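To start, the structure itself, in structure tokens.
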There are 2 protein chains.
Amino acid sequence: MKRNSDLQAHRMLKAAKLYCTKVRIAILKVLMKTDKPLSQEQIAQRSGKKRFDKVTIYRTLESLLKVGLVHKAFIEKRAWHFELAHNCTESQCHPHFTCTNCGSTHCLIEISLPMAKSPHKGFVIHRQQVRLEGLCPACV
Amino acid sequence: MKRNSDLQAHRMLKAAKLYCTKVRIAILKVLMKTDKPLSQEQIAQRSGKKRFDKVTIYRTLESLLKVGLVHKAFIEKRAWHFELAHNCTESQCHPHFTCTNCGSTHCLIEISLPMAKSPHKGFVIHRQQVRLEGLCPACV
DNA sequence: AATATATTTGCAACTTAGTTGCAATTTTGT
DNA sequence: ACAAAATTGCAACTAAGTTGCAAATATATT
Ligand SMILES: [Zn+2]
Ligand SMILES: [Zn+2]
Ligand SMILES: [Zn+2]
Ligand SMILES: [Zn+2]
């Protein structure tokens with residue numbers, strides 16, 4: 001009696017040719033359920049009563065990063081925050097917005113900026129990443 | 001027989017109503033001389049034979065940040081990199097470009113993207129920050 | 001120049017995100 | 001069920017950045 005998200009996680013891992021392990025499935029499910037990037041610590045807290053070791057979580061995220069299922073979204077308080085890559089294109093993720101008043105961070109998946117154009121200097125731009133700062137609806 | 005950069009550092013500090021201390025002047029001079037953001041460690045190495053304590057450097061950068069003379073540009077290998085704020089506007093700094101091949105990072109002060117427009121959600125955007133990734137001239 | 005006050009500096013100790021090595025366990029294909 | 005390949009958990013480690021506090025320095029006042 002597998003849940004929908006289990007199946008989906010399995011499919012994602014199979015497609016990426018990764019072993020379907022408990023940790024990977026648990027972490028994918030956590031990331032499917034959230035609407036904003038999570039740190040290792042937050043993922044650990046949300047991935048069931050039996051907490052996985054942090055080394056395992058970091059290594060799991062690393063494997064998911066390598067196959068492109070997950071992205072490092074941003075760093076906050078010295079901790080990387082991770083999210084599924086499904087709201088991103090090849091050349092850019094959606095912007096992340098942090099409120100300077102309350103500190104909350106949001107994914108603004110509706111916004112997309114034109115890609116930067118390198119001005120004749122020989123730089124070839126493959127990806128761009130945008131961070132925004134300002135006031136969130138609750139703090140305006 | 002003060003050097004030009006000393007005078008300029010003094011002027012910047014006076015204008016910001018900060019004490020003109022040896023460390024502040026030394027760090028401002030280091031940042032004036034470089035063309036890319038530096039970490040605490042790199043600043044320490046470049047600020048003269050008598051290395052300043054890292055706590056002092058962090059606190060000095062903090063004071064310069066607070067008055068807006070310096071910005072945190074990006075994090076790399078878990079270390080923040082700092083630069084003078086003089087190539088930035090109120091609402092955005094220039095983009096920083098990192099080469100995925102050789103790992104070098106460059107300030108692309110010629111590029112500027114239009115500001116993101118918040119889509120009717122109540123988010124008020126004050127600043128934006130762009131990170132770029134691709135191949136540098138040496139690696140194309 | 002000497003003094004008083006406010007600020008900054010350096011040191012030692014600490015915090016914590018993330019990493020490394022290795023043995024034990026789990027996944028997968030046969 | 002078995003063997004090979006990959007993953008997991010643990011303990012110990014690394015290193016960026018922080019905290020508390022006493023000593024040193026910058027500035028303003030006499
Ligand atoms: Zn807010
Ligand atoms: Zn996001
Ligand atoms: Zn390069
Ligand atoms: Zn720059």
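Keep in mind the model is a prediction, meaning the values are calculated, not measured. Order of the sequence lines fixes the chain letters, A, B, ..., with proteins taken first and strands second; residue numbering starts at 1 for each chain.
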State whether [X] places a side-chain N or O below 4.0 Å from either non-bridging phosphate oxygen (OP1 or OP2) of [N].
X: A/Thr21; N: D/dT8; value: yes
X: A/Lys50; N: D/dG9; value: yes
X: A/Arg78; N: D/dA16; value: no
X: A/Lys77; N: D/dG17; value: no
X: A/Tyr58; N: C/dG18; value: yes

When you match B/Gln40 and A/Thr56 each to their closest nucleotide on DNA chain D, which lands nearer the 5' end?
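Whichever sits nearer the 5' end wins; that is A/Thr56.
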Starting from the 5' end of DNA chain D, give me the residue, B/Lys72 or B/Leu18, whose nearest nucleotide shows up first.
B/Lys72
Distance, rounded to the nearest Å, where [X] contributes [atom1] and [N] contributes [atom2]:
X: B/Glu41; N: D/dT14; atom1: CD; atom2: C1'; answer: 14 Å
X: A/Arg24; N: D/dT7; atom1: CZ; atom2: C1'; answer: 7 Å
X: A/Leu65; N: C/dG18; atom1: CG; atom2: P; answer: 12 Å
X: B/Lys22; N: C/dG10; atom1: NZ; atom2: P; answer: 10 Å
X: B/Lys14; N: D/dA26; atom1: NZ; atom2: P; answer: 11 Å
X: B/Ile75; N: C/dT16; atom1: CD1; atom2: P; answer: 17 Å
X: A/Asp53; N: C/dA17; atom1: CG; atom2: P; answer: 14 Å
X: B/Trp80; N: D/dG17; atom1: CH2; atom2: P; answer: 9 Å

Considering only side-chain heavy atoms of B/Lys54, which listed nucleotide, D/dG17, C/dT19, C/dG10, is closest?
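The closest nucleotide is D/dG17.
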Please pick, from C/dT9, D/dC10, D/dT19, the nucleotide with the shortest atom-to-atom distance to any side-chain atom of A/Val55.
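Of the options given, the side chain of A/Val55 lies nearest D/dC10.
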With under 30° as parallel and over 60° as perpendicular, where do the rings of A/His81 and A/Phe74 fit, or are they tilted in between?
parallel
When B/Glu76, B/Lys36, B/Glu83 are each screened for side chain to side chain donor-acceptor pair (under 3.5 Å) with B/His96, the one that passes is B/Glu83
With a non-hydrogen cut-off below 4.0 angstrom, is B/Thr60 in contact with a base, only sugar-phosphate, or nothing?
sugar-phosphate
Base, sugar-phosphate, or nothing: which does B/Arg59 touch, judged by heavy atoms less than 4.0 Å apart?
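Touches a base.
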Strictly below 4.0 Å, N to O, side chains only: are B/Arg51 and B/Glu41 in salt-bridge contact?
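Salt bridge between B/Arg51 and B/Glu41, a charged N being under 4.0 Å from a carboxylate O: yes.
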Side-chain touch A/Gln129/A/Cys93, heavy atoms, less than 4.5 angstrom
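Answer no - side chains too far apart.
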Can you tell me which residue among A/Val70, A/Leu61, A/Leu38 is in a side chain to side chain contact (heavy atoms under 4.5 Å, CB included) with A/Ile27?
A/Leu61
